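Everything below concerns the one structure shown next.
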Amino acid sequence: MAQLNNGVAASVTQKQPLWLLAEVTYRCPLHCAFCYNPTDYDKHTKNELTTEQWISALRDARKMGAIQLGISGGEPLLRDDIEEIVAEAHKLGYYSNLITSGVGLTEKRIQAFKEGGLDHIQLSMHDVTEDISNFITNTRTFELKKKVAAMIKSHGYPMVLNVVIHRYNIDQVGKILEMAEALGADYVELANTQYYGWSLVNRDQLMPTREQLDRAEAATNAFRERVGNKMKVFFVVPDYFADRPKKCMNGWGEVFMIVTANGDVLPCHSARVLPGMTFPNVRENGLEWAWKESPAFTKYRGMEWMKEPCRSCDEKENDLGGCRCQSYLLSGDAEMADPVCTKSPNRHLIDEALINSQNPLVREQPIIFRTDKNSKKYVEGDKERIEQFHALP
Amino acid sequence: MENNIQHSDIYAIALHHRFQWEEAQQSYVILFPEGMVKLHGGAGEILKRVDGKTTVGEIVVDLKTTFPDAEDIENDILGMFDLAVGKAWLRKLN
């Protein structure tokens with residue numbers, strides 16, 4: 001059978017980076033407490049790829065099979081060459097998506113995106129109330145976001161809203177969906193906070209209770225029933241409340257490739273937290289080498305790297321052991337089963353985090369916002385000052 | 001299987017969706033926000049004929065002519081339309 005299907009099988013099993021995420025800058029006018037960007041992003045803001053380098057990366061990735069393109073950040077609109085990048089992406093045949101806070105989107109720019117062939121714009125919204133929206137982003141951007149939503153709609157774009165969910169807005173999920181409906185949203189992603197980067201720093205402050213989560217899911221289902229096919233609502237379940245891990249990125253180096261602001265090529269958003277890894281850079285050996293041959297991309301591809309309990313687990317193909325970054329960040333061992341899994345010897349770390357986040361003495365501690373100043377502290381190794389906010393009394 | 005597709009129906013690819021040939025995958029795909037569907041050969045042959053002008057009936061005739069050896073493809077074609085409409089990949093124009 002394998003011989004008969006040889007040609008076909010080869011084309012099917014060849015892994016292709018179908019999804020390319022271009023994190024074109026880490027600069028951002030917002031300071032969201034849940035941002036998954038690295039806490040030390042400040043050291044990656046100086047050496048951004050040029051327009052020509054981005055275009056060349058897009059061309060190379062397209063040849064390798066990339067088709068869905070996300071242009072993200074930071075706030076991508078802080079670069080003034082997004083129009084050029086978008087137009088080139090369209091010529092290359094990408095289905096392209098601008099992932100934005102809305103800050104910096106003007107009539108002139110959206111017109112240029114439309115003419116250049118940008119396929120859709122994903123706008124982040126945060127709450128139905130100005131207070132919570134401005135609080136969690138540490139900016140005054142609520143009214144602006146609503147204006148941008150109307151602008152996106154008026155240019156004939158599908159309205160794709162992304163709402164990160166945490167304990168400050170989770171009880172408003174029903175109202176958030178009604179707001180999305182009123183704005184004419186076609187797709188809404190309710191992304192429960194996952195804990196990486198800044199959101200891990202603020203985990204105890206952001207984590208909802210299980211009861212809140214259940215109510216939010218019920219509100220979402222009720223909304224879906226009422227609205228039907230008119231609006232697609234995705235409810236991304238948070239890891240910590242599950243008993244099996246997610247198949248992170250649909251597998252390491254399987255379908256997803258990220259090129260970061262400074263040209264690092266990553267298999268997932270937060271891979272740079274992993275110790276002892278050297279990630280390829282587009283300035284050096286190019287994307288094809290990065291994807292196919294670089295030690296970083298081959299390290300956790302497939303299942304060879306696994307140890308027990310994953311190695312002999314009859315569910316290992318379902319989730320590939322979960323998330324390497326989550327395992328490392330919580331247990332210090334990148335190759336252990338994701339602590340979310342109840343079969344992991346580290347599951348207690350999740351359970352303890354769930355309990356801690358309900359401890360008023362912990363959860364009422366101040367949030368550390370994603371600001372250049374705070375990031376510089378991380379870069380400088382000045383972590384104690386920040387961590388002391390979070391230490392148990 | 002209940003089928004709501006009529007021979008006189010005219011369809012187009014849904015708004016915000018794109019249908020294109022993918023060289024790297026050697027197949028047609030439908031692209032939309034946050035997603036992509038890879039179409040098997042037959043499905044691709046059907047959807048590439050959906051242009052907002054041609055009726056379902058004309059597409060059936062065209063495919064029967066193009067693939068004379070395929071048996072009873074009419075039901076398959078109608079079934080594919082039914083699926084594509086259900087998934088909101090297509091919108092009805094008439």
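Here the structure is a predicted model, which is why all the values come from computation and not from measurement. Throughout, protein chains are lettered first and strands after them, A, B, ... in sequence-line order, and every chain is numbered starting at 1.
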Under 4.5 Å, heavy atom to heavy atom, which residues of residues 85-94 of chain B contact chain A? B:G86, B:K87
Suppose a student defines contact as a heavy atom less than 4.5 Å from any heavy atom of chain B. Which residues in residues 89-96 of chain A would they list? A:H90, A:G93, A:Y94, A:Y95
Rounding to 0.5 Å, atoms CD1 (A:I67) and CD (B:Q20) come to a distance of 4.5 Å
Which bit of A:Y157 comes within less than 4.5 Å of chain B, counting heavy atoms only: side chain, backbone, both or neither? backbone
Closest non-hydrogen atom pair between B:A24 and A:G65, with its separation: CB-CA, 3.5 Å
CG/A:L18 to CG/B:L31 distance, rounded to the nearest 0.5 angstrom? 10.0 Å
Using the rule side-chain contact (heavy atoms from CB on, under 4.5 Å), only one of A:K232, A:H120, A:Q68 pairs with B:E34; which is it? A:H120
CG of A:D186 to CG of B:L15, rounded to nearest 0.5 Å, is 9.0 Å
CE of A:M159 to NE2 of B:H16, rounded to nearest 0.5 Å, is 10.0 Å
